[in-house]
There are 2 protein chains.
Amino acid sequence: MLNSELGVKDIVDNPKSIFYLLNQEEKDELQHHISLAHYKKNEFIFKEGDKPTGFLLLVDGKVKIFKEGVGGREQIVRMAKPLGVIGYRALFSDEIHNSSAVTLEESLVCTISPDFIFNRALKNSDFSFKIIRKLSKELGFSNSRTVTLTQKHIRGRLAESLLLLKDKYGFEHDGTTLRVYLSREDIANLSNMTTSNAIRTLSTFASEKVIAIDGRKIKILDANRLERVSKLG
Amino acid sequence: MLNSELGVKDIVDNPKSIFYLLNQEEKDELQHHISLAHYKKNEFIFKEGDKPTGFLLLVDGKVKIFKEGVGGREQIVRMAKPLGVIGYRALFSDEIHNSSAVTLEESLVCTISPDFIFNRALKNSDFSFKIIRKLSKELGFSNSRTVTLTQKHIRGRLAESLLLLKDKYGFEHDGTTLRVYLSREDIANLSNMTTSNAIRTLSTFASEKVIAIDGRKIKILDANRLERVSKLG
DNA sequence: TGCCTTGTATGTTTTAAAGCATCAAAGTTA
DNA sequence: TAACTTTGATGCTTTAAAACATACAAGGCA
């Protein structure tokens, strides 16, 4: 299923990778500070409270990043896709992880040693700046989500989450089916609602022909309408 | 009221300032890229949608950073105190401001030109790293707040906000009065609740002798109890 | 000084969403 | 293949918080 043949070369030579902008010398050195790990579906990559072991790059697969809240109720704060980096916030702030990462499907993750990141990569101001940009964007996203999740009503929150999944993972070849298959519970935890309400509201959207559901397959039939629901409830 | 005599020297020579770690040459150059502005109470420093004009440092005063949500309802995402930096997230991500900054009292703000920040400061890896750390911590804070504001009940949210104000601004000389004077509306907007509920819950806390209120003056009588309320509701 | 706006306080009603309960369907394991 | 577990679906009840309605106090300002 997974392309386990992916090597360091494929990562550093992909323009979408954060390591693409390193110079050749740095890329060569990176080889000695990187290791690859395989995860099955629904496995923890790290847990809230763990000490960061390095800078993690999701090579293949999909991952949810979530925090445990009141009574163990989880809130998904971010979704990661291939070539996305994870766990770096805690590494850079020298804190323990304040969120957990769990694979949504079989995944490949590579770990880059903190030593390389701090003593080599961050000395390259292009790399530092890219990290700064990434953190800045994510902070903007997080602040926006705070407002959405606290202020929008259920329909708006769910609509926004569906659009978020669309933007992050895109569609299957048919051009309408979301290329990510979440349980209703995960959809609920992404949208700050109970599983019952996620199920109920998805059904309503389906009956309104805004989406179509077939098991975990979600087709977005009317993205504009979804945008409107997201904005106006 | 304000110490308007504060000069660039006082900023760069204060260990709490982000510019403290620049080298002498950089500090000297900074002088030519910095300007100071004075704001009265309740004035906008920047508005959601504005293009960032530079890197802002709050020299004196207090500032709330907030986002407009559904129906104009505002959510305070951060509070700033002297020597704190503001508006840098949008500057670094090259976006328009996604939040507004308004003074809570008379304030002094200095603006550092984007040119200096991008072409000089960020070439200094110590400075870059400090920015990375700052963004990382703020992102952690933002994610935690998301969970708090969506999951905790009113009492827990308000208790957490009061503790947050305590940690940020500390106490007056009496050791119990919060050194920040917010309207009930601002307290509500910080805690994701209506003004009525902020007033009601503050009254309840006062009747429980957890705090004491005298107009906008809030005394924290039992911080431990407040911690417990914040955790358990 | 009194008027008027704004902020604070508190009681009442309404409502969105959580919490429960039940059942069906789909997966998983023995 | 049957027994069991998990996930999805839907109806009903409860509840936390918003919305609304006054009322009162304080601070500006004419």
Participant: Let me know the distance between CD1 of I218(B) and C1' of dT8(C), rounded to the nearest Å.
Facilitator: 13 Å

Participant: Roughly, in whole Å, what's the span from NZ in K41(A) to P in dT28(C)?
Facilitator: 8 Å

Participant: Check whether any side-chain nitrogen or oxygen of T194(A) sits under 4.0 Å from OP1 or OP2 of dA18(C), and answer yes or no.
Facilitator: yes

Participant: Whole-Å distance between dT13(D) P and N197(A) CG?
Facilitator: 17 Å

Participant: Would you say F55(A) and I131(A) make side-chain contact, with heavy atoms under 4.5 Å?
Facilitator: yes

Participant: So, does S183(A) get its side chain near the phosphate of dT6(D), meaning an N or O under 4.0 Å from OP1 or OP2?
Facilitator: no

Participant: Supply the atom-to-atom distance R145(B) CZ to S161(B) OG, rounded to the nearest 0.5 angstrom.
Facilitator: 4.5 Å

Participant: So, under a plain 3.5 Å distance rule, would you say the side chain of R200(B) forms a donor-acceptor pair with the base of dG11(C)?
Facilitator: yes

Participant: Which nucleotide in the list dA17(C), dA18(D), dA17(D) gets nearest to the side chain of H153(A)?
Facilitator: dA17(C)

Participant: On the nucleotide dT8(C), are OP1 or OP2 found under 4.0 Å from the side-chain N or O atoms that R216(B) carries?
Facilitator: yes

Participant: Between S203(A) and dT10(D), is there a side-chain N or O to OP1/OP2 distance below 4.0 Å?
Facilitator: yes

Participant: Run M79(B) and L104(B) through side-chain contact (heavy atoms from CB on, under 4.5 Å) and show every step you take.
Facilitator: CA-CA 10 Å; M79(B) 308 283 293; L104(B) 295 169; 3.4 Å; yes

Participant: Rounded to whole Å, how long is the line connecting atom CD of Q75(B) with atom P of dA18(D)?
Facilitator: 11 Å

Participant: So, does S230(B) use its side chain to make a donor-acceptor pair with the main chain of L226(B) at under 3.5 Å?
Facilitator: no

Participant: Counting any heavy atom closer than 4.0 Å, what does T195(B) reach on the DNA or RNA strands: base, sugar-phosphate only, or nothing?
Facilitator: nothing

Participant: From CD1 of I199(A) over to P of dG8(D), roughly how many Å is that when rounded to an integer?
Facilitator: 6 Å

Participant: Starting at CD1 of I187(B) and ending at P of dA9(C), how long is that distance when rounded to a whole Å?
Facilitator: 10 Å

Participant: Think R155(B) has a side-chain N or O under 4.0 angstrom from the OP1 or OP2 of dA16(D)?
Facilitator: no

Participant: Figure out the CD/C1' separation between E185(A) and dA9(D), and round it to whole Å.
Facilitator: 15 Å

Participant: Grab the OH-P distance between Y181(B) and dT8(C) for me, whole Å please.
Facilitator: 14 Å

Participant: Hey, are K217(A) and E172(A) close enough for a salt bridge, meaning a charged N less than 4.0 Å from a carboxylate O?
Facilitator: no

